Amino acid sequence: MITQGNLFSHEQFVADGYSGPVQELTLEEAERYYKLFFETLGMSPYEPGPTKANMSAWHQKHAWAYELATHPAILKSISQILGDNVVLWAMHFWYKEPGNGKFIPWHQDINYWPMEPEINATAWVTLGYSLVENGCLRLLPGSHLERTEHVNLGDGSSAFAQGIDELRIDETKVVDMEMTPGQVVYFNEATFHGSKSNTSAIPRVAFSLRFTTPEVKFKIEEWEGDKERVKTYLVQGVDTFHYNDAIVGTVPKV
């Protein structure tokens, strides 16, 4: 069931490992960025289809995406989690066209990220409707209090090769995070989450923003895959540590 957007709750974030959904973008803003997303893909929002486009790090390439990633309302909520000094380091669009059979397995983000100390806050933002039918975000409240081994799944329908064994998931406690355009869910680096496939005729257009603090050092030499997607942007406050000066990103102008 879709819930109305409330204010960010730090108490819920600490207790459950997430908070939301929170209405951070106006409907007008969500519609504008929704159209820009499809325009960037070179397709009509009225005829959404599959794409082979790289969905990572659009904030490094497009001014509109950087503007979206640093939206004042999102930064205000993130600062309640991380404090006055905030570093944006990643953006990824989680697009599922109608009929997309892939699913995101249960996982903890920190399993994939070599960073020390392990501090991260994610803003998961939807620009369209995110429903059970089109593969909405799913969370397991309280799961952030443990670390769990990821195993090889051996499932060709999974978007990731590894994930958390589903036998460890109590489905009676899972929250299907149905959301309307412009809503945001915040969760930390250890919260179990995933999503099912899109069995509907409605595209799911959402993206994640990853934030940390200046005292966190990225072990970029241990990073697997595309290291270029990891760039740091000081989006609020000051950096007195300068641990990641070698990977500071450039704000796009167009």
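Note that these values count all heavy atoms, side chains included, but never hydrogens, waters or copies made by symmetry. Just so it is clear, the model here is predicted, and its values are computed rather than measured.
Within a 6.0 Å sphere centred on CD of Glu166, other residues, nucleotides and ligands contribute 12 heavy atoms or fewer. No more than 12 heavy-atom neighbours from other residues, nucleotides or ligands sit within 6.0 angstrom of NZ on Lys35.
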Could you walk me through whether Leu127 and Leu25 satisfy the side-chain contact (heavy atoms from CB on, under 4.5 Å) test, starting with their C-alpha distance in whole Å, then the side-chain angles of each, then the deciding distance to 0.1 Å, before giving a yes or no? CA-CA 9 Å; Leu127 297 180; Leu25 278 64; 4.1 Å; yes
Please report the C-alpha distance between Val87 and Glu215 in whole Å, then the side-chain angles of each, then the deciding distance to 0.1 Å, and finally whether the side-chain contact (heavy atoms from CB on, under 4.5 Å) criterion is met. CA-CA 10 Å; Val87 173; Glu215 68 265 32; over 6 Å; no
Go through it in stages, so that I can follow the logic: the residues are Met115 and Ile110, the test is side-chain contact (heavy atoms from CB on, under 4.5 Å), and I'd like the CA-CA distance, side-chain angles, deciding distance and then a yes or no. CA-CA 8 Å; Met115 52 201 302; Ile110 199 60; 3.9 Å; yes
May I have the step-by-step check of side-chain contact (heavy atoms from CB on, under 4.5 Å) for Tyr186 and Ile74, ending in yes or no? CA-CA 9 Å; Tyr186 298 90; Ile74 294 175; 4.0 Å; yes
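Here Glu31 contributes atom CD and Leu36 contributes atom CG; the two are 11.0 Å apart, rounded to the nearest 0.5 Å. Atoms CD and CD, from Gln108 and Glu146 in turn, are 7.0 Å apart once rounded to the nearest 0.5 Å. To the nearest 0.5 Å, the span separating CD on Glu178 from CG on Leu137 amounts to 11.5 Å. Here Thr148 contributes atom OG1 and His150 contributes atom NE2; the two are 7.5 Å apart, rounded to the nearest 0.5 Å. To the nearest 0.5 Å, atoms CZ (Phe211) and OG1 (Thr70) are separated by 8.0 Å. In this structure, the separation between CD on Glu116 and CZ on Phe218 is 12.0 Å, given to the nearest 0.5 Å.
Taking the six-membered ring where tryptophan is involved, the planes of His193 and His107 are tilted, since the angle between them lies from 30° to 60°. Note on ring orientation: taking the six-membered ring where Trp is involved, the planes of Trp89 and Trp113 are perpendicular (angle over 60°, cut-offs 30° and 60°). The aromatic rings of Phe8 and Phe13 sit tilted relative to each other, their planes meeting at an angle between 30° and 60°. Note on ring orientation: taking the six-membered ring where Trp is involved, the planes of His62 and Trp64 are parallel (angle under 30°, cut-offs 30° and 60°).
Applying the ring-ring contact (aromatic ring centres under 6.0 Å, His included) criterion to Phe103, with sequence neighbours excluded, gives no partner residue.
Closest heavy-atom contact between Pro48 and Tyr95: CB-OH, 3.6 Å. Between Ser200 and Asn134, the shortest heavy-atom contact is OG-CB, 3.3 Å. Scanning both residues, Val230 and Ile247, for their nearest heavy atoms gives O-CB, 4.0 Å. Scanning all heavy atoms of the two residues, the minimum distance from Gly17 to His144 falls at N-CE1, 3.2 Å. Nearest heavy atoms, Met177 versus Met179: O-CG, 3.4 Å. Of all non-hydrogen atoms in Asp170 and Leu140, the two that sit nearest each other are O-CD1, 3.9 Å.
Side-chain N or O atoms of Ser197 include none that pairs as donor or acceptor with a backbone N or O of Thr199 at under 3.5 Å. Counting only distance, with no hydrogens or angles, the side chain of Lys102 and the backbone of Gly156 share a donor-acceptor pair below 3.5 Å. Panel note: side chain Glu189, backbone Asn120; a donor-acceptor pair is recorded below 3.5 Å. Checked by atom type and distance alone, the side chain of Asn188 pairs as donor or acceptor with a backbone atom of Thr191 at under 3.5 Å. Under the 3.5 Å distance criterion, the side-chain polar atoms of Glu29 are matched with a main-chain donor or acceptor of Thr26. For Arg229 (side chain) and Ser56 (main-chain N/O), no donor-acceptor pair under 3.5 Å exists by modelled atom type.
Using a 4.5 Å cut-off on side-chain heavy atoms (C-beta onward), Met91 and Leu68 make contact. Between Asn85 and Phe241 there is no side-chain heavy-atom pair separated by less than 4.5 Å. A 4.5 Å side-chain heavy-atom check between Pro203 and Tyr34 finds at least one atom pair inside the cut-off. Side-chain contact between Tyr233 and Tyr66 is present, with heavy atoms from C-beta onward closer than 4.5 Å. Residues His10 and Ser19 fail the side-chain proximity criterion, which asks for heavy atoms closer than 4.5 Å. Using a 4.5 Å cut-off on side-chain heavy atoms (C-beta onward), Trp94 and His92 make contact. Using a 4.5 Å heavy-atom threshold, the side chains of Asn244 and Lys217 count as touching. When side chains are defined from C-beta on, Thr126 does not count as touching Pro181, because their heavy atoms never get closer than 4.5 Å.
A donor and an acceptor atom, one from each side chain of Asn100 and Glu97, are located under 3.5 Å apart. Using modelled atom types and a 3.5 Å distance limit, the side chains of Ser195 and Lys96 yield a donor-acceptor pair.
No single ILVMFWY cluster, assembled from side-chain heavy atoms under 4.5 Å apart, contains both Tyr18 and Ile164. One hydrophobic cluster holds both Met55 and Leu88 under the rule that ILVMFWY side chains link at heavy-atom gaps under 4.5 Å. Linking Ile, Leu, Val, Met, Phe, Trp and Tyr residues whenever their side-chain heavy atoms come within less than 4.5 Å places Trp124 and Ile81 in a single cluster. Placement of Val235 and Val251 within a single hydrophobic cluster is found when ILVMFWY residues are connected by side-chain heavy-atom separations under 4.5 Å, directly or transitively. A chain of hydrophobic side-chain contacts below 4.5 Å, direct or via other Ile, Leu, Val, Met, Phe, Trp or Tyr residues, connects Phe187 to Ile119.
Results of the side chain to side chain contact (heavy atoms under 4.5 Å, CB included) test with Phe207 over Trp58, Tyr33, Phe93 single out Phe93 as the only residue that passes.
A salt bridge does not link Arg32 to Glu28: none of the charged side-chain nitrogens sits closer than 4.0 Å to a carboxylate oxygen. The pair Arg138-Glu171 meets the salt-bridge criterion, with a side-chain N (NZ, NE, NH1 or NH2) lying under 4.0 Å from an Asp/Glu carboxylate O.
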Kindly list each side-chain donor-acceptor pair under 3.5 angstrom involving residues 220-228, sequence neighbours excluded, with atom names and distances?
from   : atom 1 : to     : atom 2 : distance (Å)
Asp226 : OD1    : Glu228 : N      : 3.0
Lys227 : NZ     : Trp223 : O      : 2.8
Glu228 : OE1    : Lys231 : NZ     : 3.3

